[in-house]
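Data first, discussion second: the structure below is written as structure tokens.
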Amino acid sequence: MATPEAESGTARRLDDDDLRALDAAVAEALGRGDASALPTLGFGEISLVLGWPREDPAFACKRLPPFRSRQRFDAYRATLDDYLAALRAAGIRVVDTEMRPVALDGEAVAGYVVQPILPAEELAPRVLARSDPRRGHPLLAAVAETAARTVSPTLGLDAQLANWIWDGEGLTYIDVSTPMIWSEEGECRLDIEPMSLAFPWILRGALMRFVAPGILDTYRDLRKVYFDICGNLLRDRLDAWLDPVLEQVNGHLGEPITADQVRRYYRRDKLLWASLLRARRLDRAWHLHVRRRPYPFLLPGTIDR
């Protein structure tokens, strides 16, 4: 997460030694199969967001699945840079973001998406949690309008409220680690192989061919983006905001979304992500207890869905 001022280039940069120290702490946690001692700021479905330096966290660092080579890391970083540029061209204020490498054994590279930290109380779900649904909130219209002008066949947006900062005047987008960008011919530019390596090998082919493309396509279809925004309200225990959000998003759709449809969507989505996380935990257990080697991916803890 980052302050809007960070885009001016005035924010200090995470020191290379600090980044290596963070990766050493991650390696230790992976060796134990226990990430509970890491300074965790939050987590998504794929990985953790860590605060660093440990004593006085100033940066939010998201560790991506390791890349097989520096060449693959560089290609992913170039795609991310293009995605950030496309979002800004669409009028979105995006946090200052760097993708940084840390060399691992052999040719492998760990990739960290690094952003300056800003106050957690500015996260959109927290703003709504302390506001009155009966009075509405201007961030709802801002999110709906931003998604409507951004989402296209070549540009995806995970517009769920947890990915936005509201500073009282406008929105800042913070979760950019998965660059959802397609060519004009419809070819996805995201390298999904590093993500697939976080799953048991027997599942990887099906995940890369069928599951991952379907998940990514969700975010370049405005109606599905709106379903995801609404469904995540239920995950965040913001049910009272469902009707106000539906009022905003339905203003951009020809066929309105209903609350019952959102609840059905949320049940399916919850089942999908819970199943994927269960598969990854089984793979971690196999690595640690059968192969007797570290599982090389950070997993989120218990997710209250």
Stepwise salt bridge (charged side-chain N to carboxylate O under 4.0 Å, His left out) check, D175 with K62: CA-CA 10 Å; D175 189 359; K62 187 171 185 178; 3.8 Å; yes
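The residues R68 and E193 are annotated as salt-bridged, a charged nitrogen and a carboxylate oxygen being separated by less than 4.0 angstrom. Ion pair R32/E28 flagged as a salt bridge, since at least one NZ, NE, NH1 or NH2 atom sits closer than 4.0 Å to an Asp/Glu carboxylate oxygen. For the pair R77 and D81, the salt-bridge criterion is not met [side-chain N within less than 4.0 Å of a carboxylate O]. Contact check on D16 versus R100 returns a salt bridge, with a Lys/Arg side-chain nitrogen under 4.0 Å from an Asp/Glu carboxylate oxygen. The pair D283-R280 does not count as a salt bridge, with every side-chain nitrogen at least 4.0 angstrom from each carboxylate oxygen. A salt bridge does not link R20 to D23: none of the charged side-chain nitrogens sits closer than 4.0 Å to a carboxylate oxygen. Classification of R93 and D167 as a salt-bridged pair holds, one side-chain N sitting under 4.0 Å from a carboxylate O. Comment: D221 does not engage R223 in a salt bridge, judged by the lack of any side-chain N to carboxylate O separation of less than 4.0 angstrom.
Side-chain contact check for E107 and S69: no donor-acceptor pair (N or O, by modelled atom type) lies under 3.5 Å. Side-chain N/O atoms of N232 and D236 include no donor and acceptor closer than 3.5 Å. Of the N and O atoms on the side chains of D34 and S36, at least one donor lies less than 3.5 Å from an acceptor on the other residue.
In this structure a side-chain-to-backbone donor-acceptor pair under 3.5 Å is missing from D269 to Y265. Here the side chain of W164 pairs a donor or acceptor atom with the backbone of A159 at under 3.5 angstrom. A side-chain donor-acceptor contact under 3.5 Å links Y226 to the backbone of A144. Using modelled atom types, no side-chain atom of R72 and backbone atom of P66 make a donor-acceptor pair closer than 3.5 Å.
In this structure, R220 satisfies the cation-pi test against W182, with its NZ or CZ atom closer than 6.0 Å to the six-membered ring centre and inside 45 degrees of the ring normal.
Distance check: I174 CD1 to Q115 CD gives 7.0 Å after rounding to the nearest 0.5 Å. Rounded to the nearest 0.5 Å, atoms CZ (R264) and CZ (F227) are 8.0 Å apart.
Environment of CZ in R209: sparse, with no more than 12 heavy atoms of neighbouring residues, nucleotides or ligands closer than 6.0 Å. Atom CZ of R130 sits in a crowded spot, with more than 12 heavy atoms from other residues, nucleotides or ligands closer than 6.0 Å.
Among all heavy-atom pairs drawn from H252 and A148, the shortest one is ND1-CB, 3.6 Å.
Taking the ring-ring contact (aromatic ring centres under 6.0 Å, His included) definition, one finds that W241 meets it with nothing, sequence neighbours left out.
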